[in-house]
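Step one of this worksheet: look at the structure below.
Both backbone and side-chain heavy atoms feed into the values below; hydrogens, waters and symmetry mates do not.
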There are 2 protein chains.
Amino acid sequence: MENDRSAGERNRDRIIAAAARLLQQGGREAVSTRAVSAAAGVQAPAIYRIFGDKQGLLDAVAAHGFARHLESKEGLRPSGDPVEDLRAGWSLNIAFALDNPALYSLMYGEPRPGATPPAAAAALAFLTSFIHRIAEAGRLHVSEEHAARLVHAVGTGAAFSLMSMPEHQRDLTVSDMARDAVIAAITTDAPAPATPGPQGAAIALSAALPKATVLTAGERALLDEWLDRIVRAG
Amino acid sequence: MENDRSAGERNRDRIIAAAARLLQQGGREAVSTRAVSAAAGVQAPAIYRIFGDKQGLLDAVAAHGFARHLESKEGLRPSGDPVEDLRAGWSLNIAFALDNPALYSLMYGEPRPGATPPAAAAALAFLTSFIHRIAEAGRLHVSEEHAARLVHAVGTGAAFSLMSMPEHQRDLTVSDMARDAVIAAITTDAPAPATPGPQGAAIALSAALPKATVLTAGERALLDEWLDRIVRAG
DNA sequence: TCTCCATGTTAACGATGATAACAAAGAATG
DNA sequence: CATTCTTTGTTATCATCGTTAACATGGAGA
């Protein structure tokens with residue numbers, strides 16, 4: 001019986017799978033330690049040995065569910081237009097919420113300040129990579145952090161709103177409006193630099209530098225010199 | 001002992017007050033039927049006679065809390081500009097969520113399709129009246145229903161986002177951005193498209209900065225700081 | 001006075017999260 | 001090989017929870 005995975009790991013996976021099944025079928029209240037241990041063919045104390053806590057189990061279930069969701073997102077390959085990629089990611093996120101409402105509520109339903117569930121942190125990190133690509137393309141006009149947090153907040157809001165209405169009368173219009181509004185708020189219409197990478201951005205910034213009145217004249221002079229070095233390095 | 005309110009009504013209020021107090025102090029898990037009945041000086045079965053259910057009690061607590069919040073909102077009198085009134089209402093809603101996080105989670109944290117808590121329904125109805133006044137002023141360019149649902153969704157998203165971060169590092173910028181984005185999406189007067197100033201280029205360069213190997217680490221650090229100043233100035 | 005209904009009171013039931021205590025079984029170490 | 005140590009399986013138990021049954025009490029209306 002010596003597989004590549006120890007008995008502990010096997011039990012861990014079985015418990016998570018059983019808990020996820022119960023969560024999807026009967027909602028949060030159906031996930032009791034007894035029901036989980038029975039469904040996983042394990043004794044109750046095993047849960048506490050492995051996850052320490054029921055909250056630990058729920059966090060693990062959320063992380064696992066979200067990880068599986070990310071795998072399906074890997075199919076989404078960059079289309080060349082990072083904003084269009086963000087739109088596609090948005091739709092997938094909404095679909096994930098509607099397919100796993102209990103899990104989504106677990107991730108975002110009762111926020112505890114400072115104690116972000118690992119699954120939520122992973123989701124935000126993943127979203128940040130989308131935003132970063134938009135910034136690289138020179139089409140972001142707020143900071144990456146603000147953009148990521150804004151999209152994240154509005155996305156979860158749209159998801160919760162959709163979750164709250166009965167399935168037959170869900171209207172994706174609101175989700176689409178929210179998506180478009182948020183994209184309009186963080187992107188510039190014109191795909192700025194023709195040249196990708198630091199060079200294009202440096203050229204664009206150099207051109208717009210006189211308008212950057214927050215910098216002193218001395219700072220602008222030094223900055224302009226650096227920009228010139230970046231441009232010439234290309 | 002014959003007051004204008006019957007003993008039942010008096011008990012009802014005391015139970016709700018006790019439950020609300022426990023909820024605010026100890027979060028949702030602190031609200032047990034035993035703790036509530038003890039704090040209210042009432043026997044446990046009284047809760048079930050009055051509210052039928054623990055969920056009924058929680059709904060009543062949420063409705064009461066939101067009603068009290070609405071009273072404070074009554075102070076907000078129409079300023080003549082219905083859009084400006086909506087902005088003020090937005091801020092009050094965010095403040096309500098941050099002041100009563102457990103109650104807010106109760107209202108929106110685990111949506112059950114079709115079973116909207118009375119407090120949430122009241123909130124949406126109240127918001128709808130704001131939207132209606134904007135429509136009357138001829139400044140709405142989507143349907144009232146869509147506008148209300150969109151503002152509601154984005155508002156709760158912003159609230160949950162803020163609730164999830166520790167109090168000392170909360171940044172209302174995201175909430176303001178969400179508010180402005182949603183207002184721009186539903187109202188007519190275009191606030192002029194964002195001019196592609198130095199901000200966009202600065203953000204793009206900041207994203208690509210690690211690739212600018214011609215600069216030393218020290219230069220990159222200082223440059224990043226300047227870029228951040230340029231972005232924030234926008 | 002009698003009846004009925006709302007409320008107060010006690011006790012209990014089943015289920016839940018969590019832990020203690022101990023047995024079994026290898027793995028590691030000497 | 002003997003021994004220790006860590007991990008895992010097993011049973012039993014604790015306090016607490018939501019909820020309800022059963023009965024007592026008391027006042028309002030007939």
Side-chain angles (χ1 to χ4, degrees), chain A residues 1-62 102-103 105-106 109-110 112 115 117, chain B residues 1-23 25-62 102 105-106 109-110 112 115 117:
Chain A
M1 283 285 190
E2 292 126 11
N3 292 353
D4 48 349
R5 302 180 323 178
S6 73
E9 289 180 41
R10 231 175 28 243
N11 276 349
R12 186 173 208 280
D13 293 351
R14 285 172 56 188
I15 291 175
I16 289 182
R21 194 166 356 112
L22 287 171
L23 185 69
Q24 182 128 11
Q25 291 175 358
R28 180 174 197 159
E29 63 182 7
V31 184
S32 69
T33 57
R34 283 168 171 82
V36 169
S37 56
V42 169
Q43 263 68 24
I47 296 181
Y48 292 89
R49 261 196 284 265
I50 298 177
F51 302 98
D53 205 332
K54 190 191 179 183
Q55 188 59 47
L57 168 61
L58 292 179
D59 283 349
V61 170
L103 206 147
S105 295
L106 225 57
E110 24 191 354
R112 296 158 291 174
Chain B
M1 284 281 193
E2 293 126 11
N3 292 353
D4 48 348
R5 303 179 322 179
S6 73
E9 290 179 40
R10 231 176 25 243
N11 277 348
R12 186 173 207 279
D13 294 349
R14 286 172 55 188
I15 292 175
I16 289 182
R21 192 166 0 111
L22 287 171
L23 185 68
Q25 290 175 358
R28 179 173 199 159
E29 64 182 8
V31 185
S32 69
T33 57
R34 283 168 171 83
V36 170
S37 56
V42 169
Q43 263 67 23
I47 295 181
Y48 292 88
R49 262 197 279 267
I50 299 178
F51 302 98
D53 206 336
K54 190 191 179 182
Q55 188 60 47
L57 167 61
L58 292 178
D59 283 349
V61 170
S105 295
L106 224 56
E110 22 191 355
R112 296 158 291 173

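When the side-chain nitrogen and oxygen atoms of B/N11 are compared with OP1 and OP2 of C/dG8, one or more of them lie within a distance under 4.0 Å.
Atom pair B/I50:CD1 and C/dA6:C1' shows a separation of 11 Å (rounding to whole Å applied). In this structure, CZ of A/R49 is placed 11 Å from C1' of C/dT19, rounded to the nearest angstrom. Rounded to a whole Å, the CG atom of B/D53 is 9 Å from the C1' atom of D/dG18. Between the OH atom of B/Y48 and the P atom of C/dT9 there is a distance of 18 Å, rounded to whole Å. We find that CZ of B/F51 is positioned 13 Å from P of D/dT19, with the value rounded to whole Å. As rounded to whole Å, 14 Å separates atom C1' of D/dC17 from atom CG of B/L57. Here the C1' atom of nucleotide D/dT19 and the CD atom of A/E29 are 14 Å apart, to the nearest Å. Protein atom CD1 of A/I47 is 12 Å distant from nucleotide atom P of D/dG9, rounded to whole Å.
Across all strands shown, B/T33 has heavy atoms under 4.0 Å from base atoms, whether or not it also approaches the sugar-phosphate. As judged by a 4.0 angstrom heavy-atom cut-off over every strand, A/V31 is placed among residues touching the sugar-phosphate backbone only.
The side chain of B/P45 approaches C/dT9 more closely than any other nucleotide in the set C/dG17, C/dT9, D/dT19.
The CG atom of A/L57 lies 7.0 Å from the CD1 atom of A/I16; values are rounded to the nearest 0.5 Å.
Remark: B/R28 engages B/E110 in a salt bridge, criterion side-chain N to carboxylate O under 4.0 Å.
The shortest side-chain heavy-atom distance between B/I47 and B/V42 does not fall under the 4.5 Å cut-off.
Applying side-chain contact (heavy atoms from CB on, under 4.5 Å) to B/V31 and the options B/L106, B/V61, B/L23 leaves one that passes, B/L23.
Comparing A/Q43 and A/R34 by the nucleotide of DNA chain D that holds the closest heavy atom to each, the one mapping nearer the 5' end is A/Q43.
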